[in-house]
Participant: 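Encoded as structure tokens, here's the structure I'll be asking about.
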Amino acid sequence: MVVAVVTGATGFTGKAVVAELLKRGIQAVAHVRPDSHDLPRWQAYFAELGAEVDTTPWQPHAMASMLQKRAAVLVFCCVGTTRARMKAQGAAQNSYEAVDYALPKLLAEASAAAGCVRRFVYLSSLGAGPNAQGAYLQWRWKAEEAVRAAGVPFTIARPSLITGERDERRPSEAFAGKALDGLLSVVGALGATTLRDRYHSTTDARLAGALVRIGLDPDMAGQTVLAEKLS
Ligand SMILES: NC(=O)c1ccc[n+]([C@@H]2O[C@H](COP(=O)([O-])OP(=O)(O)OC[C@H]3O[C@@H](n4cnc5c(N)ncnc54)[C@H](OP(=O)(O)O)[C@@H]3O)[C@@H](O)[C@H]2O)c1
């Protein structure tokens with residue numbers, strides 16, 4: 001039985017990845033941070049889906065030993081913070097550096113140390129790059145580089161906007177998705193189909209399907225996969 005561990009499992013994309021794994025008959029372990037305020041709710045939610053919950057702390061040795069004990073073959077890293085979260089819950093613990101960079105780095109290194117992980121799938125973002133504009137994309141690039149250097153077989157995914165029905169309201173994201181797709185359909189009709197396909201939004205379910213597919217595809221090891229191949 002293939003075992004996959006999903007971190008950020010309580011998030012929009014993470015939940016969809018857990019569901020996609022179960023749909024494919026893969027044993028899914030949903031990682032929920034031990035200090036989650038909603039742990040009982042998540043335990044009930046994932047039990048109903050048929051996934052186990054793991055609450056290992058975000059510490060290098062603890063994570064490596066958990067992955068080893070579970071004989072995890074696939075690891076999905078779907079964690080990330082937001083500006084709203086930094087504002088509401090404190091910038092120090094919720095900064096891009098502390099979450100978007102430090103957690104993927106720790107997890108990729110723990111996955112390499114565990115020795116059993118055959119693919120580490122890191123959910124990054126379109127626009128990440130060495131000369132990216134803005135703190136978010138710059139930290140995403142640093143996280144990508146840390147994943148590449150960790151010594152675990154990896155695939156990095158860079159989606160465009162992720163839209164769909166979130167538990168948490170993000171009206172500006174939904175509006176941006178619609179506006180972007182509207183503009184891109186005009187651009188596509190004028191012939192710029194590569195541009196349209198690159199920036200078009202995706203949904204949580206479509207993205208999850210693509211993340212699991214690229215995680216299982218031997219040809220995708222060591223690749224950075226852009227938005228047009230994630231729908
Ligand atoms: N949304 C988009 O349009 C978009 C586009 C491209 C790329 N991305 C990237 O894709 C990733 C997933 O996006 P999403 O929309 O699915 O995110 P999301 O719904 O906001 O979920 C984020 C996940 O990260 C976890 N997390 C946040 N801070 C944490 C911390 N300090 N310690 C441990 N876990 C923490 C959350 O856990 P809790 O539930 O416990 O807080 C949650 O499981 C993000 O990193 C984002 O940057 C997003």
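Remember, it's 1-based here, ligands and their atoms both numbered in the order they're listed.
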Participant: Taking the non-hydrogen atoms of H37, is any one of them nearer than 4.0 angstrom to ligand 1?
Facilitator: no

Participant: Do you know the tightest heavy-atom contact between Q93 and V99?
Facilitator: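 Looking at all heavy atoms of both residues, the shortest contact is O-CG2, 3.6 Å.
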
Participant: Tell me the contacting part of S160 for ligand 1: side chain, backbone, both, or neither, using a 4.0 Å heavy-atom threshold, strictly below.
Facilitator: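 Looking at S160 and ligand 1, just backbone atoms fall under 4.0 Å.
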
Participant: What part of S124, side chain from CB on, backbone N/CA/C/O, both or neither, has a heavy atom under 4.0 Å from ligand 1?
Facilitator: backbone

Participant: Among S201, C78, P34, G14, which one has a heavy atom closest to atom 23 (C) of ligand 1?
Facilitator: C78

Participant: With nothing but distance in play, are any N or O atoms of V79 less than 3.5 Å from an N or O of ligand 1?
Facilitator: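 Such a contact does occur with ligand 1.
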
Participant: What about W58: any of its N or O atoms under 3.5 Å from an N or O on ligand 1?
Facilitator: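 Checking ligand 1 against W58, no N or O pair falls under 3.5 Å apart.
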
Participant: Would you check the N or O atoms of R140, main chain and side chain alike, for any that come under 3.5 Å of an N or O of ligand 1?
Facilitator: yes

Participant: Verify whether one side chain among Q223 and T155 offers a donor that lies under 3.5 Å from an acceptor in the other.
Facilitator: no

Participant: Under 4.0 Å, heavy atoms only, figure out whether ligand 1 is touched by the backbone of L103, its side chain, both or neither.
Facilitator: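 Only the side chain of L103 comes within reach of ligand 1.
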
Participant: Any heavy atom of T82 closer to ligand 1 than 4.0 angstrom?
Facilitator: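 Under 4.0 Å: no for T82.
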
Participant: Considering only heavy atoms from C-beta outward, does the side chain of D38 approach that of T10 to under 4.5 Å?
Facilitator: no

Participant: When you measure from atom 16 (O) of ligand 1 to each heavy atom in T7, T163, T13, which option holds the nearest one?
Facilitator: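 Nearest heavy atom to atom 16 (O) of ligand 1 lies in T13.
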
Participant: Side chain or backbone of S36 under 4.0 Å from ligand 1, or both, or neither, by non-hydrogen atoms?
Facilitator: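 The answer is neither; S36 stays 4.0 Å or more away.
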
Participant: With the side chain counted from C-beta on, respond yes when M86 and Y96 share a heavy-atom pair under 4.5 Å apart, and no when they do not.
Facilitator: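 Yes. Closest side-chain heavy atoms under 4.5 Å.
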
Participant: Inspect the surroundings of CZ in R83 and state if more than 12 heavy atoms from other residues, nucleotides or ligands are less than 6.0 Å away.
Facilitator: no

Participant: What I'd like to find out is whether the side chain of Q138 reaches to under 4.5 Å of the side chain of Y101, using heavy atoms alone.
Facilitator: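 Sidechains of Y101 and Q138: no contact.
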
Participant: Taking heavy atoms and a distance under 4.0 Å, where does V99 meet ligand 1: side chain, backbone, both or neither?
Facilitator: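 Under 4.0 Å from ligand 1, V99 contributes side-chain atoms alone.
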
Participant: Below 4.5 Å, heavy atoms only, C-beta onward: do F120 and V147 meet side chain to side chain?
Facilitator: yes

Participant: So do L21 and F76 actually touch side chain to side chain, heavy atoms under 4.5 Å?
Facilitator: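 Result yes, sub-4.5 Å side-chain heavy-atom pair found.
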
Participant: With a 4.0 Å cut-off on N to O distance, would you call R140 and D100 a salt bridge?
Facilitator: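 Here R140 pairs with D100 in a salt bridge, since their nearest N and O are under 4.0 Å apart.
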
Participant: Can you list the ligand 1 atoms lying under 4.0 Å from a non-hydrogen atom of L161?
Facilitator: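 Heavy-atom distances to L161 below 4.0 Å select 3 (O).
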
Participant: If I apply the N/O under 3.5 Å rule, does L126 come out as touching ligand 1?
Facilitator: no

Participant: Looking at K142 and E145, is there a salt bridge between them, counting it only when a charged N and a carboxylate O are closer than 4.0 Å?
Facilitator: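 Between K142 and E145 there is no salt bridge, as every charged N stays at least 4.0 Å from the carboxylate O atoms.
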
Participant: Between W42 and H37, does the ring centroid distance fall short of 6.0 Å?
Facilitator: no

Participant: Nearest non-hydrogen contact with atom 9 (C) of ligand 1 belongs to which option: Y96, F12, Y136?
Facilitator: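 Nearest heavy atom to atom 9 (C) of ligand 1 lies in Y136.
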
Participant: Just which atoms of ligand 1 are under 4.0 Å from any heavy atom in T10?
Facilitator: 36 (C), 37 (O), 38 (P), 39 (O), 40 (O), 42 (C), 43 (O)

Participant: Between ligand 1 and R33, is the shortest N or O to N or O distance under 3.5 Å?
Facilitator: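 Yes, there is a polar N/O contact under 3.5 Å.
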
Participant: Considering G11, C77, G127 one by one, which has a heavy atom nearer to atom 21 (O) of ligand 1 than any of the others?
Facilitator: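 Among G11, C77, G127, the closest heavy atom to atom 21 (O) of ligand 1 comes from G11.
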
